[in-house]
Student: 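Got a structure here, written out as structure tokens. Questions coming.
Chain A is the first sequence line, chain B the second, and so forth, proteins listed ahead of strands; every chain is numbered from 1.
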Number of protein chains: 2
Amino acid sequence: MVGIKDIARECKVSATTVSRALNNSKEISEKTREYILETCELRGYVPNSSARNLILNKTNMIGLLIPDITNQYYAYVSKGVSSYLEKIGYGLVLCNSDRNKENENRYINFLAQRRVDGIILIPVKPKVEDYKKIIESIPLVMADNYVNDLEISYVGNDNYAGARKIVSHMLKQGYRKIGVILGDKSSSASNERLMAYKDVLIENNIEIKEEILLNSNATFEDGFKLTEKLINEKVEAIFTINDSVAMGVMKYCHMNNIQIPKDIGIAGYDDIEQAAMLPVPLTTVHQRKFELGKTVAKILIEEINNNQSAKQKIILQPELIIRKSCNE
Amino acid sequence: MVGIKDIARECKVSATTVSRALNNSKEISEKTREYILETCELRGYVPNSSARNLILNKTNMIGLLIPDITNQYYAYVSKGVSSYLEKIGYGLVLCNSDRNKENENRYINFLAQRRVDGIILIPVKPKVEDYKKIIESIPLVMADNYVNDLEISYVGNDNYAGARKIVSHMLKQGYRKIGVILGDKSSSASNERLMAYKDVLIENNIEIKEEILLNSNATFEDGFKLTEKLINEKVEAIFTINDSVAMGVMKYCHMNNIQIPKDIGIAGYDDIEQAAMLPVPLTTVHQRKFELGKTVAKILIEEINNNQSAKQKIILQPELIIRKSCNE
DNA sequence: GTGAAAGCGCTAACAA
DNA sequence: TTGTTAGCGCTTTCAC
């Protein structure tokens with residue numbers, strides 16, 4: 001493996017000069033730089049990042065810790081992050097927590113070993129204590145799920161506004177008894193949407209029945225499984241935590257000859273690519289996933305470059321997408 | 001930031017001893033180890049990977065270079081890779097080439113700077129020359145698309161077998177004039193499936209019409225756009241390079257009141273999650289994406305640990321999934 | 001069982 | 001404009 005000294009020897013200069021040639025330093029003559037660069041190319045010299053990282057105390061890597069890359073929502077967020085980082089020469093370390101708290105902790109410790117210059121975290125069941133330590137040693141920005149009482153920046157979608165929009169729409173369509181399949185109890189996204197749901201119902205003088213408010217793991221399978229319970233409770237419509245869950249609900253309805261939206265209205269959340277192509281196109285809420293990724297990456301980089309920048313909270317506005325699954 | 005020397009000073013031992021305590025060395029008394037480990041915990045000491053990477057000439061990171069993380073196929077492959085690496089304490093650097101050759105090259109150069117111990121590559125429009133240099137400096141395993149005349153390991157799905165299965169099925173259903181929407185001309189996956197298509201047609205004495213064999217960028221949009229051309233050619237069925245393209249074809253058919261499968265049969269490839277939930281459930285080929293990811297990661301790690309292991313070619317067998325989109 | 005010293009490959013003061 | 005020197009934080013040989 002050819003190193004900086006080999007190049008230096010061959011060019012009859014010092015390692016410093018080679019370093020200067022490679023790092024666009026002004027303190028070098030154009031002639032020397034060209035000659036060195038040519039030699040590097042010729043000999044296939046590639047700088048050793050480990051050595052640079054050590055001395056510069058910087059890795060040019062960002063850690064992205066998300067619940068599940070096979071979920072389209074997170075895939076788009078990742079792509080947004082990746083596209084921003086690429087432009088500025090940063091790399092991305094992808095960590096899939098698999099919605100598992102232990103994995104999340106393991107990954108955080110892994111990244112904390114000065115492997116990355118900062119962390120973007122979409123936490124699973126977040127609690128303040130889990131992150132107090134890490135945010136003191138490395139810049140960390142959260143997305144999606146928020147934790148109160150933590151001095152960090154945050155980028156999210158406005159869950160309250162999005163849920164208000166779609167629940168109001170359901171009411172307008174004549175549905176009254178609306179079951180809800182939520183995510184985990186500790187998910188702030190889930191809780192904010194539940195709050196919007198309750199507020200809208202109260203404003204419309206509709207009684208809130210706790211027995212049709214279900215928590216889940218936010219998966220297709222859970223949507224499928226939990227539908228039976230709601231059907232037995234005779235709900236007129238179901239509002240789900242995401243489109244995958246809504247598709248699970250739809251599958252149950254198809255298999256049991258329940259007509260959508262005649263027998264039951266279904267509303268999702270996320271607007272995944274396939275939502276428009278379903279047997280009954282899904283009424284849902286569009287979230288700006290790609291932009292979320294770009295934004296959170298941008299903020300993190302700002303915090304890395306500018307040590308004491310004020311913490312920011314950015315809330316992106318979602319959009320109601322009316323299709324066919326929720327029209328009485 | 002607390003370093004190994006701080007711990008050494010506090011424990012009144014040398015840095016060497018601390019290092020031994022942290023690295024499960026045998027050359028240290030149990031008592032000293034425990035004391036040091038406690039102190040590390042107490043002081044929040046975290047080893048600096050950059051320093052370890054430099055001296056050990058190893059990063060415990062793997063680069064994964066894929067065309068597009070928002071494509072479910074690649075998302076599952078990534079998850080497979082990630083799940084394998086996690087078990088053995090490796091990290092994953094995700095690079096999204098966006099199906100762009102320049103990006104791919106940029107990322108390869110980025111990774112080559114000793115940022116990772118090996119690379120998993122799913123190339124875009126691969127040519128031998130592009131990779132000759134890199135494979136000499138770093139272990140690299142390819143997946144999906146294969147390049148001949150390169151001394152590397154490879155893991156793929158059996159495209160020829162998969163395409164044979166589904167084209168045979170289409171023929172059995174009575175379709176004769178079958179249009180094809182392929183991927184890029186240089187994609188080996190695409191070419192192998194085309195070969196299977198041709199072989200099956202020839203074996204069944206059906207004429208091959210080049211004008212209904214179309215190349216594309218393998219996107220939903222291209223599926224939508226290219227369908228018109230095939231409809232004008234009066235094809236009886238369309239076989240597509242992936243399910244997204246098939247969904248584009250379906251969208252065109254829906255918008256033009258063309259009934260599936262009565263007026264036209266549609267067959268996809270990949271079996272993405274939503275394929276079963278489409279207006280007309282999609283007949284397709286299931287590929288073992290997650291397992292592909294795990295396998296390719298496993299092979300790469302073997303090559304890293306065992307410098308001169310023989311190159312392997314592993315071909316996973318896909319499965320025909322018969323649904324409703326292709327039944328006459 | 002433990003420590004001193006050397007050095008991984010690079011960058012940055014400082015000197016020339 | 002260029003080179004000398006020191007050192008980033010760790011691991012490893014070798015001596016004790």
Student: Check nucleotides 3-6 of chain D for protein N or O atoms closer than 3.5 Å to its own N or O atoms and list the pairs.
Tutor:
unit_1	atom_1	unit_2	atom_2	d
D:dG3	OP2	A:S14	N	2.8
D:dG3	OP2	A:S14	OG	3.3
D:dG3	OP2	A:T17	OG1	2.6
D:dG3	N7	A:R20	NH2	2.8
D:dG3	O6	A:R20	NH1	3.4
D:dG3	O6	A:R20	NH2	3.4
D:dT4	O4	A:T16	OG1	2.9

Student: Donor-acceptor pairs under 3.5 angstrom involving side-chain atoms of residues 121-132 of chain B: please list them, not counting sequence neighbours.
Tutor:
unit_1	atom_1	unit_2	atom_2	d
B:D130	OD2	B:K101	NZ	3.1
B:Y131	OH	B:K101	NZ	3.0
B:Y131	OH	B:E104	OE2	2.4

Student: Only counting residues at least two apart or in another chain, list the ones meeting salt bridge (Lys or Arg N to Asp or Glu O under 4.0 Å) with B:K313.
Tutor: none
Student: Using the test side chain to side chain donor-acceptor pair (under 3.5 Å), find all partners of A:S186 that sit at least two apart in sequence or belong to another chain.
Tutor: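 Here the qualifying residues are A:D184.
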Student: What are the bounds, 5' to 3', of the part of DNA chain C that sits under 4.0 Å from heavy atoms of chain B?
Tutor: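 Using the under 4.0 Å cut-off, the span is C:dG1 to C:dG9.
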Student: Could you list by number each residue of residues 36-53 of chain B showing a heavy-atom separation from DNA chain C of less than 4.0 Å, or answer none if no residue does?
Tutor: none
Student: Output side-chain donor-acceptor pairs under 3.5 Å for residues 45-52 of chain A, partner residues at least two apart or in another chain, one line each.
Tutor:
unit_1	atom_1	unit_2	atom_2	d
A:N48	OD1	A:S50	N	2.8
A:N48	OD1	A:A51	N	3.3
A:S49	OG	B:Q113	O	2.3
A:R52	NH2	A:N23	OD1	3.0

Student: Determine which pairs satisfy salt bridge (charged side-chain N to carboxylate O under 4.0 Å, His left out) with at least one residue from residues 68-91 of chain A, sequence neighbours left out, and list them in order.
Tutor: A:D68-B:K79, A:K79-B:D68, A:K79-B:D98, A:E86-B:R106
Student: Just grab all the salt bridge (charged side-chain N to carboxylate O under 4.0 Å, His left out) pairs involving residues 36-50 of chain B, residues at least two apart or on different chains.
Tutor: B:E10-B:R43
Student: Hey, could you give me each pair passing salt bridge (charged side-chain N to carboxylate O under 4.0 Å, His left out) that has a residue in residues 136-156 of chain B? Not counting sequence neighbours.
Tutor: none
Student: Just report the end-to-end axis angle for the helix from C:dG1-D:dC16 to C:dA16-D:dT1, five pairs per end, to 10 degrees.
Tutor: 30°
Student: Quick one: which residue pairs count as a salt bridge (charged side-chain N to carboxylate O under 4.0 Å, His left out) with a foot in residues 107-122 of chain B, not counting sequence neighbours?
Tutor: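 Every pair satisfying salt bridge (charged side-chain N to carboxylate O under 4.0 Å, His left out) with a residue in residues 107-122 of chain B: B:K58-B:D117.
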